[in-house]
Colleague: 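Below are the structure tokens for one structure; questions will follow.
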Amino acid sequence: MLNKPNQFIRLRKEKLAKIKALGINPYPVKSSRTHYISALLQDREEWIQKAEEVSITGRLTAMRRQGKIGFGDLEDISGKIQLYVAQNLIGEENYELFKLCDPGDFIQATGKTFFTQTGEYSLKCNNIKLLAKNIRPLPAVKEKIVDGKKIRYDEFSDIELRYRKRYLDLLLNPEHRKVFEMRAKIITAIRNFMDYRGYVEVETPILQPLYGGANARPFITHHNTLDMDLYLRIATELYLKRLIVGGFEKVYELGKDFRNEGMDRTHNPEFTMIEFYEAYSDLEGMMDIAEELIKHLALDVIGKDTFFYRHHQVCLSGKWKRASLPDLVSEYMGQDVMNISFEELSAYCKNKGLVIPPGSEKGKLIALIFENFVEETLIQPTFVCDFPKEISPLAKAKPENPFVADRFELFIAGGEFANAFSELNDPLEQRARLEEQAKLRDLGIDEANVVDEDFLEALEYGMPPMGGQGIGIDRLVMLLTENDSIKEVILFPQMKIT
RNA sequence: GGUCCAGUAACUCAGCGGUAGAGUAUCUGCCUUUUAAGCAGAGAGUCGUUGGUUCGAUUCCAACCUGGAUCACCA
């Protein structure tokens with residue numbers, strides 16, 4: 001009531017002052033740990049027999065004091081163990097310090113392990129050292145184990161708070177920390193997979209004078225010294241292709257892209273993507289890599305092949321299906337889409353309530369029908385080939401059917417997981433395609449590609465035939481960790497300022 | 001952007017026209033093998049924000065803010 005910000009912080013600051021008055025530095029430089037807690041938890045009988053004195057460090061997560069003894073739970077990255085602290089063992093002065101400790105403090109405990117009367121394996125402390133005082137109490141979460149199952153009380157579960165104060169979420173909800181540990185393992189495994197295949201990992205500019213490689217609106221920023229606007233990249237594609245022109249044959253980049261668009265369960269303004277390009281490879285090669293990589297991540301990193309994702313049971317084992325986009329759309333419509341006129345198709349779309357963007361031709365309409373009605377039916381992994389060339393400005397046309405591009409997207413659980421094509425390396429054709437895109441921009445399609453003269457010039461020097469592919473990492477992690485919201489797999493998702 | 005739901009103590013929630021409650025957490029006291037420790041006592045809230053209706057609003061109404069779900073848009 002008196003002192004803002006709140007009573008708790010005020011009280012803890014008072015404790016802090018008392019600790020200082022005892023001549024103790026609440027934030028010392030030195031700490032020493034002889035063992036991780038997990039090490040003590042193995043071969044418990046042996047530890048007790050050895051009676052070796054150990055020092056462990058970590059955060060105090062609970063305290064149960066009773067007079068001249070007390071118990072505490074100490075947790076480090078590896079595990080948690082109970083501390084037994086008795087005044088007659090650690091001495092009066094040291095016990096005074098213990099009384100001034102709170103859950104949330106970092107401490108170093110020294111002693112030997114033993115079993116308490118109730119059979120709890122614990123550290124019998126002969127010394128406690130404060131490593132860092134907490135002055136803002138952590139939310140009080142308690143847990144109890146019943147029949148081997150952990151019941152948590154007053155779980156820190158407010159979704160908004162979990163995202164805004166992610167450190168608390170990680171601290172108080174171990175299963176959420178686990179998601180990010182899995183994410184790290186997945187990303188490491190992807191790098192190993194690519195490196196093993198002879199790909200070179202590269203880093204290309206995030207700040208770009210022009211953006212390209214995808215259909216999206218960019219973020220714009222400004223460089224003061226150069227006095228020029230720059231764009232945050234929406235894709236790495238055009239720079240990676242320049243590297244293939246430059247003589248690299250296999251490159252990949254795994255990093256953030258930025259798209260200035262709506263946010264929802266599957267879109268965050270900054271997200272992680274891997275793109276890779278391989279000279280002399282083709283669509284077959286790209287499908288093999290996608291299938292092999294994702295199966296590897298599922299089986300070898302996660303350890304299973306079946307996932308429950310977005311209300312669907314998805315099995316990644318077995319040879320993945322392949323389908324042709326026009327065939328799927330024809331099947332959906334009940335008539336051969338290749339033999340329908342633009343006018344008929346247009347009427348069909350309007351009848352279905354689809355909004356037809358200006359400048360659309362037949363390919364765009366077919367894609368619209370696919371996106372709105374067919375995608376969601378592709379639950380088990382499916383490579384969808386033959387995307388209309390019209391919506392694939394950076395992909396080669398298929399020789400036997402120039403209406404479509406030599407391109408596929410991979411769909412799982414109704415969502416897109418990969419996008420790959422035979423990269424267009426005809427500089428004149430590429431120029432013509434980008435100029436088509438420029439016309440769309442003039443019609444108000446903000447997401448259309450811009451003409452990148454430097455990229456076109458690079459192509460004029462010659463680029464080998466190749467396969468290229470992009471895989472969204474966040475969505476892959478969502479699938480593999482069975483999370484339906486992208487915010488659950490991004491540590492600090494974008495939130496409005498409050 | 002549309003629609004629906006939510007916002008009350010540090011956490012999890014109840015209440016709903018008469019200016020607030022519980023459990024946990026916190027503080028004080030007792031307690032040398034506890035473990036969601038226990039027992040006794042205490043403190044703690046601009047009831048998301050701003051207006052309106054009313055004698056009186058946390059409660060009803062409106063707008064706004066933040067988040068979630070969903071649709072639209074969008075890779």
Colleague: For the side chain of I159(A), counting heavy atoms from C-beta on, which of U26(B), U32(B), G68(B) is nearest?
Modeller: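 Of the options given, the side chain of I159(A) lies nearest G68(B).
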
Colleague: Identify the stems formed by RNA chain B, where each pair is Watson-Crick or G-U wobble with both distances under 3.5 angstrom and a stem is at least 3 consecutive pairs.
Modeller: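 Consecutive-pair runs (3 or more) involving RNA chain B: B:1-7 with B:65-71, B:10-13 with B:21-24, B:26-30 with B:38-42, B:48-52 with B:60-64.
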
Colleague: Does this structure show an ion pair linking D386(A) with K398(A), if we count only N-O contacts that are shorter than 4.0 Å?
Modeller: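 Answer for the salt bridge query: yes.
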
Colleague: Using atom P of each nucleotide, how far apart are U24(B) and C39(B) to the nearest Å?
Modeller: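 Between the two P atoms, the distance is 9 Å.
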
Colleague: Let me know the distance between CG of N483(A) and P of A69(B), rounded to the nearest Å.
Modeller: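 After rounding, the gap between these two atoms is 12 Å.
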
Colleague: Under 4.0 angstrom, heavy atoms only, what part of the nucleic acid is K165(A) near: base, sugar-phosphate, or nothing?
Modeller: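 The residue K165(A) makes no contact with any strand.
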
Colleague: How long is the line joining OH of Y95(A) and P of C31(B), in whole Å?
Modeller: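 Rounding to the nearest Å, OH of Y95(A) and P of C31(B) are 11 Å apart.
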
Colleague: Between R136(A) (CZ) and U26(B) (P), how many Å, whole number?
Modeller: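 It is 16 Å, rounded to the nearest whole Å.
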
Colleague: For Y277(A) and E275(A), test the side chains for any donor-to-acceptor distance below 3.5 angstrom and give the result as yes or no.
Modeller: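 The criterion, which ignores hydrogens and geometry beyond distance, is satisfied for E275(A) and Y277(A).
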
Colleague: Partners of E435(A) by side-chain hydrogen bond (donor to acceptor under 3.5 Å, both in side chains), sequence neighbours excluded?
Modeller: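 Counting only residues at least two positions away or on another chain, E435(A) forms no side-chain hydrogen bond (donor to acceptor under 3.5 Å, both in side chains).
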
Colleague: Return yes if a side-chain donor-acceptor contact under 3.5 Å exists between R183(A) and T272(A), otherwise no.
Modeller: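 Per modelled atom types, R183(A) and T272(A) side chains form a pair under 3.5 Å.
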
Colleague: Between A69(B) and R265(A), is there an OP1 or OP2 to side-chain N/O distance shorter than 4.0 Å?
Modeller: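 No, because none of the side-chain N or O atoms of R265(A) sits under 4.0 Å from OP1 or OP2 of A69(B).
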
Colleague: Using the ring of each side chain (for Trp, its six-membered ring), is F370(A) parallel, tilted or perpendicular to F387(A), with breaks at 30° and 60°?
Modeller: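 The rings of F370(A) and F387(A) stand perpendicular, inter-plane angle above 60°.
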
Colleague: Where along residues 116-125 of chain A does a heavy atom fall under 4.0 Å from RNA chain B?
Modeller: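 T116(A), Q117(A), T118(A), E120(A) - these, ordered by number, are the residues of the stretch whose heavy atoms sit under 4.0 Å from the strand.
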
Colleague: What string of B, S and - do you get for nucleotides 4-14 of chain B 5' to 3' if you count protein non-hydrogen atoms under 4.0 Å?
Modeller: ------BBS--

Colleague: May I have the step-by-step check of side-chain contact (heavy atoms from CB on, under 4.5 Å) for L123(A) and L83(A), ending in yes or no?
Modeller: CA-CA 5 Å; L123(A) 188 79; L83(A) 305 178; 4.0 Å; yes

Colleague: Using atom names, set out every protein N or O paired with an N or O of nucleotides 73-75 of chain B below 3.5 Å, distance rounded to 0.1 Å.
Modeller:
{"from": "C74(B)", "atom 1": "O2'", "to": "E261(A)", "atom 2": "OE1", "distance (Å)": "2.4"}
{"from": "C74(B)", "atom 1": "O2'", "to": "E261(A)", "atom 2": "OE2", "distance (Å)": "3.2"}
{"from": "C74(B)", "atom 1": "O2", "to": "H267(A)", "atom 2": "NE2", "distance (Å)": "3.0"}
{"from": "A75(B)", "atom 1": "OP1", "to": "N215(A)", "atom 2": "O", "distance (Å)": "2.3"}
{"from": "A75(B)", "atom 1": "O5'", "to": "N215(A)", "atom 2": "O", "distance (Å)": "3.4"}
{"from": "A75(B)", "atom 1": "O3'", "to": "R259(A)", "atom 2": "NH1", "distance (Å)": "2.5"}
{"from": "A75(B)", "atom 1": "O2'", "to": "R259(A)", "atom 2": "NH1", "distance (Å)": "2.7"}
{"from": "A75(B)", "atom 1": "N7", "to": "E416(A)", "atom 2": "OE1", "distance (Å)": "2.9"}
{"from": "A75(B)", "atom 1": "N6", "to": "E409(A)", "atom 2": "OE1", "distance (Å)": "2.1"}
{"from": "A75(B)", "atom 1": "N6", "to": "E409(A)", "atom 2": "OE2", "distance (Å)": "2.6"}
{"from": "A75(B)", "atom 1": "N6", "to": "E416(A)", "atom 2": "OE1", "distance (Å)": "2.8"}
{"from": "A75(B)", "atom 1": "N1", "to": "E409(A)", "atom 2": "OE1", "distance (Å)": "3.4"}
{"from": "A75(B)", "atom 1": "N1", "to": "E409(A)", "atom 2": "OE2", "distance (Å)": "2.3"}
{"from": "A75(B)", "atom 1": "N1", "to": "E416(A)", "atom 2": "OE1", "distance (Å)": "2.8"}
{"from": "A75(B)", "atom 1": "N1", "to": "E416(A)", "atom 2": "OE2", "distance (Å)": "3.3"}
{"from": "A75(B)", "atom 1": "N3", "to": "E416(A)", "atom 2": "OE1", "distance (Å)": "3.4"}

Colleague: Which ones in residues 64-82 of chain A lie close to RNA chain B, meaning a heavy atom under 4.0 Å from one of its atoms?
Modeller: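 Within this stretch, R64(A), R65(A), Q66(A), G67(A), K68(A), I69(A), F71(A), Q82(A) sit under 4.0 Å of the strand.
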
Colleague: Does F180(A) have R177(A) sitting over its ring (NZ/CZ under 6.0 Å from centre, angle to axis within 45°)?
Modeller: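 Geometry flag: not set, cation outside 6.0 Å or 45°.
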
Colleague: Nearest whole Å is fine: how far is G68(B) P from I486(A) CD1?
Modeller: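 I486(A) atom CD1 is separated from G68(B) atom P by 13 Å.
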
Colleague: Is it true that F421(A) and F408(A) have ring centroids separated by less than 6.0 Å?
Modeller: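 No, they do not, as the ring centres are separated by 6.0 Å or more.
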
